[in-house]
2 protein chains.
Amino acid sequence: MPYRRTPRIQARLDTQRAAIVDAATELLAESGYAGCSVAAVAAKAGVSVGSVYRHFPGKAELVAELFRVVVSREVAAVDEASQRPGEITERIVAVIETFAGRAMKAPRLAYALLAEPVDAPVEAERLRFRRAFRDIVADRIEEGVAAGVLPPQDPHITAAALVGAAAEVLIGPLTAENTDSTDTATMPALCTFTLRALGDAHA
Amino acid sequence: MPYRRTPRIQARLDTQRAAIVDAATELLAESGYAGCSVAAVAAKAGVSVGSVYRHFPGKAELVAELFRVVVSREVAAVDEASQRPGEITERIVAVIETFAGRAMKAPRLAYALLAEPVDAPVEAERLRFRRAFRDIVADRIEEGVAAGVLPPQDPHITAAALVGAAAEVLIGPLTAENTDSTDTATMPALCTFTLRALGDAHA
DNA sequence: GTCTATAGTTCGATAGAC
DNA sequence: GTCTATCGAACTATAGAC
């Protein structure tokens with residue numbers, strides 16, 4: 001009788017795969033892509049290097065999946081913030097605040113997701129996820145325009161601009177070597193920028 | 001007597017090197033990094049593959065230099081626009097218009113410079129050049145704040161936001177496969193966004 | 001799993017400069 | 001005569017097809 005992967009074995013493999021991705025996430029948050037050597041990931045996950053290659057064809061695929069998993073969390077958090085009740089402009093600011101606040105709470109990880117130079121496949125993922133963020137913001141802007149709260153504008157263009165602005169602004173503090181935990185200036189500046197750019201009357 | 005590299009030979013080498021970078025630039029503008037194979041670059045430059053390796057240790061270095069040369073042009077154009085006489089807000093808009101206008105005139109090239117997934121060394125160059133653009137804008141904003149034309153703000157933060165916004169907005173049309181040459185919407189939208197974000201009273 | 005195609009790199013031969 | 005610039009075929013690695 002041929003070898004069959006039993007549910008029990010399958011469950012263990014799934015657990016192991018998750019452990020590998022979790023370990024890689026921690027390493028990414030500590031020291032970026034450079035810290036995510038296959039050996040380090042395997043050690044942290046408590047598996048052998050060979051086991052890593054049982055789940056991923058190579059380091060590139062591991063890193064790509066790692067990136068997707070971690071950014072998906074951010075997209076979910078931002079999406080949740082965008083759906084909180086309240087005035088439209090406040091909700092859009094909440095999206096930006098969530099995006100930036102999470103980044104500044106985990107600066108090394110945020111740098112890895114937003115800007116750290118990596119290989120082309122991960123860059124392709126970056127482009128994809130930026131569109132996801134943009135679409136979330138665009139939906140809110142569209143509502144605001146329809147409701148007459150915001151002046152007429154192309155929601156996708158403004159949304160792209162706001163996402164690009166937030167990302168670029170964050171790269172500054174994130175690139176500074178001495179992570180200034182008392183950076184109290186960036187967040188309010190970004191929120192003011194957002195409100196003004198939207199054409200909000202009260203800004 | 002040992003061989004000495006004469007001025008005449010040196011001049012020829014310099015010409016050849018420039019021809020290689022020029023050829024690579026054309027290929028980059030036609031078909032992105034994928035089109036920049038060493039063989040294609042050599043053929044277009046009218047030299048042998050081996051000669052390319054006399055000037056560059058490898059393809060990665062060729063592409064990195066190519067990137068630097070082409071983006072430097074853009075920085076120079078934007079810097080020139082920022083120094084034209086006129087009202088500060090107009091000059092900042094001129095910077096954004098120059099940045100975006102040049103990109104939309106050479107969309108494939110702009111995509112390669114702004115967003116196309118490449119290797120880590122080129123990504124590092126991207127970060128460096130974004131700071132260059134940001135600093136140009138920041139200087140103008142600083143002037144505007146000092147003159148009281150713009151509301152008080154951190155020039156570097158706003159500048160980073162504007163550069164990030166412009167870049168991100170451009171990626172949209174640039175990524176669309178059918179290059180819509182009659183894209184009349186993006187540029188005005190970006191200018192309006194910029195004026196509003198600066199806190200300009202007339203926006 | 002092997003085979004094929006493609007792309008980066010290397011290197012020995014040739015021609016030309018000193 | 002020696003050294004170098006140039007060439008391009010051969011080599012190597014890798015990705016994709018069957």
Side-chain angles (χ1 to χ4, degrees), chain A residues 1-5 9 13 17 20 24 33-34 36-39 41-42 48-68 117-128, chain B residues 1-71 108-109 111-113 115-126 177:
Chain A
M1 175 180 176
Y3 177 83
R4 283 265 200 157
R5 194 174 280 185
I9 297 292
L13 282 173
R17 187 188 171 96
I20 291 168
Y33 296 102
C36 292
S37 72
V38 177
V41 170
S48 72
V49 171
S51 294
V52 174
Y53 283 97
R54 183 167 299 281
H55 294 281
F56 301 95
K59 181 183 168 167
E61 287 78 11
L62 166 60
V63 172
E65 168 144 345
L66 165 64
F67 184 90
R68 277 190 297 269
V118 226
D119 57 8
V122 172
E123 289 300 327
E125 295 293 328
R126 278 202 179 121
L127 288 179
R128 194 163 300 119
Chain B
M1 176 181 174
Y3 180 89
R4 295 271 296 183
R5 189 176 284 181
T6 63
R8 177 174 177 74
I9 294 295
Q10 185 60 52
R12 194 177 64 190
L13 283 172
D14 291 348
T15 303
Q16 189 178 64
R17 189 190 170 93
I20 290 168
V21 174
D22 281 355
T25 303
E26 287 178 42
L27 288 168
L28 187 66
E30 285 165 19
S31 42
Y33 296 102
C36 293
S37 71
V38 179
V41 171
K44 190 147 203 150
V47 302
S48 74
V49 172
S51 293
V52 175
Y53 284 91
R54 178 162 308 282
H55 294 281
F56 302 96
K59 181 184 172 167
E61 288 77 12
L62 166 60
V63 172
E65 168 146 345
L66 166 64
F67 183 90
R68 278 190 297 271
V69 168
V70 178
V71 181
R108 189 63 189 79
L109 186 62
Y111 176 67
L113 300 182
E116 187 174 2
V118 224
D119 56 7
V122 171
E123 288 300 327
E125 294 293 326
R126 278 202 178 119
E177 44 287 330

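Computed from a prediction, not measured in an experiment: that's the story for all the values here. Below, all heavy atoms of this structure are taken into account, side chains as well, without hydrogens, waters or symmetry copies.
- Across all strands shown, B:Q16 has heavy atoms under 4.0 Å from sugar-phosphate atoms exclusively, and none from any base.
- For D:dC7, one of the phosphate oxygens OP1 or OP2 lies less than 4.0 angstrom from a side-chain nitrogen or oxygen of B:S51.
- In the set D:dC7, C:dA17, C:dG8, the nucleotide with an atom closest to the side chain of B:V47 is D:dC7.
- Electrostatic pairing of B:E116 and B:R126 does not count as a salt bridge here, judged by no charged N lying under 4.0 Å from a carboxylate O.
- Taking atom CD1 of residue B:I20 and atom P of nucleotide D:dA5, one finds them 13 Å apart after rounding to whole Å.
- The residue B:R8 sits apart from the nucleic acid: no heavy atom pair falls under 4.0 Å.
- More than 12 heavy atoms of other residues, nucleotides or ligands sit less than 6.0 Å from atom CZ of B:R68.
- Ranked by how close their nearest DNA chain C nucleotide is to the 5' end, B:P7 and B:E61 are led by B:E61.
- Projected onto DNA chain C by closest heavy-atom contact, B:R12 and B:V49 fall at different nucleotides, the more 5' of which corresponds to B:V49.
- In this structure, CZ of B:R5 is placed 11 Å from P of C:dC18, rounded to the nearest angstrom.
- The CG atom of B:L13 sits 13 Å away from the P atom of D:dT4 (whole-angstrom rounding).
- Across the protein-nucleic acid pair, B:K59 atom NZ and C:dT6 atom P stand 15 Å apart, rounded to whole Å.
- Side-chain contact between B:F56 and B:I20 is present, with at least one heavy-atom pair separated by less than 4.5 Å.
- Distance OH (B:Y33) to C1' (C:dA7): 18 Å, rounded to an integer number of Å.
- Residues A:V122 and A:Y33 are in side-chain contact: their nearest non-hydrogen atoms beyond the backbone lie under 4.5 Å apart.
- In this entry the distance linking CZ of B:F56 with P of C:dT9 reads 13 Å, nearest Å.
- Residue B:Y53 contributes atom OH, which lies 4 Å from atom P of C:dT9 at whole-angstrom precision.
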